[in-house]
Undergrad: 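This is the structure I want to talk about, given as structure tokens.
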Amino acid sequence: MPDRNRPSHSPDTTYTISELAKEFEVTTRTIRFYEEKGLIAPLRQGQKRLYTPADRVRIKLILRGKRIGMTLDECVEVIDMYDPAHNNSEQLRSLIDTVRDRRARFLQQRRDIDDMLAGLDEVQALCEQALADAGDTQ
DNA sequence: GTTCTCACA
DNA sequence: TGTGAGAA
């Protein structure tokens, strides 16, 4: 546990793989797997991996994307949009299109989830009504 | 505890 | 999309 005494918001804080694994409730194996897939690129201190706050954010984004059903490749696409590695105006226009497209897909996904939740509300209401009716006849 | 690689689903 | 095992 390096930087035990450094404030967690310090920009040069680093994390070990086990710290991040514990924090995000994944195995160290999983974090190495993400690295192998090119989703993160931690620093090295000899053989040991050292994760920067930026690496930590990337892992957080990966796991968030995963929770909403995105593939790792899709996570990469979204994460890369945060990267200001694009410079010329043609690339920037292209990025705006990508963001627009991604936004549209997220919005559709949100509408789908809302509809599914509404469906669950109906099912639950029916169940509760059925229980209440059964109670009346006993 | 961490690294890597190979196999496996 | 990961996990488990074995060896270093």
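Just so we're on the same page: letters track the sequence lines, and every chain starts at 1.
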Undergrad: According to a strict under-4.0 Å criterion, is A/K66 in side-chain N/O contact with OP1 or OP2 of C/dG2?
TA: yes
Undergrad: Does A/Y34 put a side-chain nitrogen or oxygen below 4.0 Å from OP1 or OP2 of C/dT1?
TA: no
Undergrad: OP1 or OP2 of B/dG1 less than 4.0 angstrom from a side-chain nitrogen or oxygen of A/R32, does that happen here?
TA: no
Undergrad: Under 6.0 Å from the CZ atom of A/R44, do we count more than 12 heavy atoms belonging to anything else shown?
TA: yes
Undergrad: Distance check needed: C/dT1 C1' versus A/E35 CD, whole Å only.
TA: 16 Å
Undergrad: Hey, does A/R49 reach any base, or is it just sugar-phosphate, or nothing, if we go heavy atoms under 4.0 Å?
TA: sugar-phosphate
Undergrad: Between A/T30 and C/dT3, is there a side-chain N or O to OP1/OP2 distance below 4.0 Å?
TA: yes
Undergrad: Rounded to whole Å, please give me the gap between CG in A/L50 and P in B/dT2.
TA: 11 Å
Undergrad: For B/dT2, does either OP1 or OP2 sit under 4.0 Å from a side-chain N or O belonging to A/S18?
TA: yes
Undergrad: For the side chain of A/E77 and the backbone of A/R102, is there at least one donor-acceptor N/O pair under 3.5 Å apart?
TA: no
Undergrad: Starting from P on B/dT3, measure out to CD on A/Q45 and report it in whole angstrom.
TA: 11 Å
Undergrad: For the residue pair A/T52 / A/D55, report whether a side-chain donor-acceptor contact shorter than 3.5 Å exists.
TA: yes
Undergrad: Specify the separation, in whole Å, of atom CZ of A/F24 and atom P of C/dT1.
TA: 19 Å
Undergrad: Under 4.0 Å: is that the gap between some side-chain N or O of A/T28 and OP1 or OP2 of B/dT2?
TA: no
Undergrad: Considering all heavy atoms of both residues, which atom of A/L50 and which atom of A/Q45 are nearest to each other, and what is their separation?
TA: CD1-CB, 3.8 Å
